[in-house]
Chemist: 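Pasting in a structure now, in structure tokens, and then I'll have a few things to ask.
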Amino acid sequence: MGGHFLSIGECMVELSQAEDGHLRKGFAGDTFNTAWYARACLPADWSVDYFTALGDDAMSDEMLNFMNAHDIGTSNIRRLRGKTPGLYMINLKDGERSFSYWRDSSAARQLAADGDKLRTAIEASNVLYFSGITLAILTHEDAETLLSELRRAKAIGKLVVFDPNLRPRLWSSFDAMHTMIGEGARASTLVMPSFDDEASHFGDDSISSTIRRYRLHGANMVVVKNGAEGATVGADAGETLVPAAKVAKVVDTTSAGDSFNGAFLAHYLEHDDPVAAARFAAKIAAKVIQEHGALVPREKLQATK
Ligand code: ADP
């Protein structure tokens with residue numbers, strides 16, 4: 001049947017240390033990672049597009065080329081004069097990873113400043129994906145623009161999917177985060193939170209309370225990821241725990257949640273069975289955490305059925 005999947009957010013330049021000490025350049029960001037895995041898992045009659053804003057520098061060109069080379073559509077991406085993409089660096093010290101970010105004035109902060117362009121892109125899509133990070137990087141006014149377009153999409157029956165991806169440091173205050181994450185859920189059909197984030201920042205004492213909270217905000221379905229414990233699908237039919245796949249050695253958990261989301265959605269869109277989709281997503285996420293980096297190539301995922 002096929003359709004059009006649109007992911008909305010910020011993709012950054014990623015610098016990480018190669019074994020020889022040199023810096024390696026890549027591209028990543030939560031909503032982009034999910035688009036990557038949706039693309040890897042969806043059949044060819046689905047298009048996967050990324051919606052963001054980039055600058056007019058060489059690095060923005062390179063990022064666009066990277067997306068196109070991997071079959072992720074870029075025709076809706078705005079180019080802003082004099083701007084650049086955000087950047088982050090992964091620091092490795094004694095096996096522990098930490099991150100430094102340069103994203104305060106990235107082009108992506110203005111991704112929703114052109115409301116007409118946003119509306120056109122959303123209207124041309126069947127499935128919309130965004131995250132708490134997407135909302136956090138926007139001005140309040142632009143976040144409202146995005147949310148009102150998403151509410152409209154939800155109201156006419158499109159699938160709108162939200163990963164709260166709570167990052168208190170990106171928000172001006174806890175209250176701002178709390179309010180806007182609630183608004184994100186209200187604009188969505190499906191919410192895909194990570195339990196450890198929800199427990200640490202919103203004080204949820206159980207997965208059921210996370211599911212209940214987001215359903216009260218207006219999401220029809222909630223899929224709560226919980227690391228090695230698996231994921232729980234919460235819908236009208238009740239709650240179903242889908243165990244994680246067994247992993248002998250975890251190499252790098254970057255993108256576990258993002259890949260889970262992309263694989264879940266790809267399966268769900270084709271088969272309309274959320275529990276089977278969670279089983280498939282657990283297998284993909286298990287492969288991803290046994291490889292280095294956020295974006296594991298399609299060939300390495302393909303043996304997963
Ligand atoms: P996030 O990256 O958003 O914090 P989680 O850590 O909850 O997300 O992981 C997302 C999914 O990745 C889980 O639901 C599970 O399927 C898989 N996963 C994560 N950690 C492990 C692990 N140690 N063993 C097996 N699967 C895992």
Side-chain angles (χ1 to χ4, degrees), residues 7 9-10 14 28-38 40-41 88 90 95-99 129-136 161-170 177 181 184-185 188 190-202 204 206-211 214 221-234 239-268 274-296 300-301 303-305:
S7 182
E10 175 169 28
E14 177 196 84
D30 66 334
T31 48
F32 180 70
N33 304 344
T34 295
W36 173 275
Y37 290 101
C41 299
Y88 73 102
I90 305 171
E96 286 291 315
R97 294 147 53 86
S98 66
F99 298 86
Y129 181 84
F130 71 118
S131 77
I133 296 179
T134 309
L135 295 177
V161 187
F162 177 55
D163 183 338
N165 231 330
L166 305 176
R167 297 288 181 277
R169 277 210 283 182
L170 285 176
M177 177 170 88
I181 294 294
S188 303
L190 164 59
V191 179
M192 305 190 75
S194 290
F195 182 64
D196 54 356
D197 285 355
E198 304 295 324
S200 341
H201 304 303
F202 291 150
D204 292 349
S206 67
I207 286 172
S208 297
S209 46
T210 304
I211 292 172
Y214 283 119
M221 181 158 65
V222 183
V223 178
V224 184
K225 292 157 284 172
N226 191 20
E229 305 295 314
T232 303
V233 176
E239 294 176 14
T240 311
L241 170 69
V242 176
K246 292 245 176 317
V247 170
K249 184 169 183 284
V250 177
V251 174
D252 178 358
T253 58
T254 307
S255 232
D258 301 335
S259 62
F260 182 97
N261 293 355
F264 176 92
L265 291 170
H267 195 284
Y268 180 62
V275 172
R279 258 188 240 115
F280 173 73
K283 287 186 211 157
I284 294 285
K287 290 207 166 177
V288 170
I289 62 177
Q290 292 177 81
E291 305 282 342
H292 284 285
L295 306 177
V296 173
K300 291 200 172 167
L301 306 171
T304 309
K305 279 276 152 8

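Start at 1 and go down the list; that is how both ligands and their atoms are numbered.
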Chemist: At less than 4.0 angstrom from any atom of ligand 1, which residues have a non-hydrogen atom? List them by chain and residue number.
Modeler: Ser194, Lys225, Asn226, Gly227, Ala228, Gly230, Ala244, Ala245, Val247, Val250, Ala256, Gly257, Phe260, Ala282, Ala285, Ile289
Chemist: Considering all heavy atoms of both residues, which atom of Leu135 and which atom of Gly184 are nearest to each other, and what is their separation?
Modeler: CD1-CA, 4.1 Å
Chemist: With a 3.5 Å cut-off and sequence neighbours excluded, list the donor-acceptor pairs that the side chains of residues 258-268 form with protein atoms.
Modeler:
unit_1, atom_1, unit_2, atom_2, d
Asp258, OD2, Asn33, ND2, 3.0
Ser259, OG, Ser255, O, 2.9
Ser259, OG, Ala256, O, 3.0
Asn261, OD1, Lys225, NZ, 3.2
Asn261, ND2, Tyr129, OH, 2.8
Asn261, ND2, Asp163, OD2, 2.8

Chemist: Examine distances only and state if a side-chain atom of Ser206 and a backbone atom of Ser209 form a donor-acceptor pair shorter than 3.5 Å.
Modeler: yes
Chemist: So which atom in Glu229 and which in Leu241 form the shortest heavy-atom distance, rounded to 0.1 Å?
Modeler: O-CD1, 3.7 Å
Chemist: Would you say Ser194's side chain and Asp196's backbone share a donor-acceptor pair under 3.5 angstrom?
Modeler: no
Chemist: For the side chain of Gln290 and the backbone of Ala286, is there at least one donor-acceptor N/O pair under 3.5 Å apart?
Modeler: yes
